[in-house]
Amino acid sequence: MPQTKIHVIHENTNWVEPLRAAFTEIGAPFAEWFISDGILDLSTIPPDGIYYNRMSASSHTRNHRYAAEFTGGLLAWLEAHGRRIVNNGRALQLEISKIAQYTALSDFAIRTPHTIAAVGPDDILAAARLMNGPFITKHNRAGKGLGVRLFQSVDALREHLETPEFEPSVDGITLIQEYIQSPEPFITRVEFVGGKFLYAVRVDTSQGFELCPADVCQVGDAFCPAGAPATAPEFRILKGFSHPLIERYQRFLAANGIGIAGIEFIVDREGEIYTYDVNTNTNYNPAAEAEAGI
Ligand SMILES: Nc1ncnc2c1ncn2[C@@H]1O[C@H](COP(=O)(O)OP(=O)(O)O)[C@@H](O)[C@H]1O
Ligand SMILES: [Mg+2]
């Protein structure tokens with residue numbers, strides 16, 4: 001019997017390299033669907049097989065401005081034909097909107113930082129005035145720390161909005177979010193494959209909270225598949241990590257068509273856990289995995 005083909009939907013060839021190697025090693029036939037421009041004839045029938053959607057929220061930063069939108073259409077077409085998809089159209093909706101992520105997380109009683117979404121400078125300032133204490137800005141559609149900046153006051157934000165350094169989110173929606181100050185400079189990323197917990201990894205943020213791991217290794221979205229360069233933050237897989245939150249994350253993932261994901265949380269001084277990012281397009285850190293023997 002011929003083996004089922006795996007179709008990988010993506011827009012960044014670098015990130016597919018580890019998959020190519022792994023599929024080749026296990027002898028799994030696969031095809032790459034590089035999505036940027038393209039055509040989709042709705043009268044055609046999609047090839048048989050399993051689809052793995054790896055479209056990224058930050059695709060627009062690699063000159064693929066409409067890749068995510070186009071993928072949304074493609075997934076609707078695949079779903080209409082009953083194709084099995086790992087990280088389906090709903091997963092993509094979450095990938096490209098932190099508002100969608102946070103509202104879906106709250107369905108499972110998963111705490112997120114207080115967040116106000118705003119469009120346009122006046123409303124961004126109005127949102128900031130509703131915050132008590134330090135807050136950060138971030139893009140609703142982000143993926144590599146886009147627009148993440150810490151402010152101590154509304155005035156500081158006003159000044160920033162007037163400079164060319166202010167860059168609105170590609171979807172026009174800026175989030176104003178309470179700043180969670182962790183006593184130690186790290187965040188935790190929890191990895192899931194097949195909707196099940198794989199491991200948790202601690203990521204050092206001492207080089208600046210606004211740097212996501214990807215910014216340092218310049219590949220975007222997640223961990224550098226080529227291994228961390230010398231200046232990259234440290235990733236350390238936490239041996240035997242267990243927490244009641246994992247079960248809630250798993251139910252959240254199952255309810256939202258997500259099979260493969262990395263979910264990030266931060267812990268404040270009181271030990272309260274805040275979940276703030278869901279990455280349905282995840283890369284792994286080979287150095288940390290080698291060290292943990294995973
Ligand atoms: N509310 C917050 N309080 C403190 N630090 C935060 C907060 N939100 C994000 N960060 C920091 O900024 C980084 C990028 O933010 P994140 O929401 O993960 O955006 P992206 O989707 O672009 O990765 C995080 O990894 C974390 O270090
Ligand atoms: Mg993140």
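Values below: all heavy atoms of this structure, side chains included; hydrogens, waters and symmetry mates excluded. Both counts, for ligands and for their atoms, begin at 1 and track the order of listing. One-based numbering along the sequence shown.
- Remark: side-chain polar atoms of His60 are not paired, donor with acceptor, to backbone N or O of Ala68 under 3.5 angstrom.
- For ligand 1, the atoms closer than 4.0 angstrom to any heavy atom of Gln177 are 1 (N), 2 (C), 7 (C), 8 (N).
- Among pairs with a residue in residues 82-127, none fulfils ring pair (Phe, Tyr, Trp, His ring centres under 6.0 Å), at least two apart in sequence or across chains.
- Salt-bridge formation is detected for the pair Glu32/Arg20: a Lys NZ or Arg NE/NH1/NH2 atom is positioned less than 4.0 Å from an Asp or Glu carboxylate oxygen.
- Of all the atoms in ligand 1, the ones that sit under 4.0 Å from a non-hydrogen atom of Ile266 are 4 (C), 5 (N).
- Ligand 1 is never approached by His139 to a heavy-atom distance shorter than 4.0 Å.
- Near Thr205, the atoms of ligand 1 lying under 4.0 angstrom from a non-hydrogen atom of the residue are 27 (O).
- Annotation: Glu178 places an N or O atom under 3.5 Å from an N or O atom of ligand 1; distance criterion only.
- Taking the six-membered ring for Trp and thresholds of 30 and 60 degrees, His160 and Phe151 have ring planes inclined between 30 and 60 degrees apart.
- Using a 4.0 angstrom heavy-atom cutoff, Gln181 does not count as in contact with ligand 1.
- Ligand 1 has an N or O atom lying under 3.5 Å from an N or O atom of Lys98, backbone or side chain.
- Using a 4.0 Å cut-off between heavy atoms, Ile180 contacts ligand 1 through both its backbone and its side chain.
- For Glu234 and Arg202, the salt-bridge test fails: no basic side-chain N is under 4.0 Å from an acidic carboxylate O.
- The N, O or S atom of Glu264 lying closest to the Mg ion (ligand 2) is OE1.
- Remark: Phe23 pairs with Phe30 by the ring-ring contact (aromatic ring centres under 6.0 Å, His included) rule, at least two apart or across chains.
- At least one N or O atom of Gly143, backbone or side chain, sits closer than 3.5 Å to an N or O atom of ligand 1.
- Residues Phe197 and His243 keep their aromatic ring centres 6.0 Å or farther apart.
- At a 4.0 Å heavy-atom cut-off, ligand 1 touches Ile136 through the side chain alone.
- Environment of OH in Tyr66: sparse, with no more than 12 heavy atoms of neighbouring residues, nucleotides or ligands closer than 6.0 Å.
- With atom 8 (N) of ligand 1 as the reference point, the heavy atom nearest to it among Lys138, Lys144, Glu264 is part of Lys138.
- Listed by number with element, the atoms of ligand 1 under 4.0 Å from a non-hydrogen atom of Leu146 are 22 (O).
- With hydrogens and angles left out, the side-chain atoms of Gln177 and Thr115 include a donor and acceptor closer than 3.5 Å.
- Of the heavy atoms in Val203, none comes closer than 4.0 Å to ligand 1.
- Near Gly145, meaning under 4.0 Å from any of its heavy atoms, are these atoms of ligand 1: 20 (P), 22 (O), 23 (O).
- Less than 4.0 angstrom separates some heavy atom of Tyr179 from each of these atoms of ligand 1: 3 (N), 4 (C).
- Salt-bridge formation is not detected for the pair Asp48/Lys5: no Lys NZ or Arg NE/NH1/NH2 atom is positioned less than 4.0 Å from an Asp or Glu carboxylate oxygen.
- The Mg ion (ligand 2) sits nearest to atom OD2 when only the N, O or S atoms of Asp277 are considered.
- Expressed to the nearest 0.5 Å, how far CD of Glu247 lies from OH of Tyr249 amounts to 13.0 Å.
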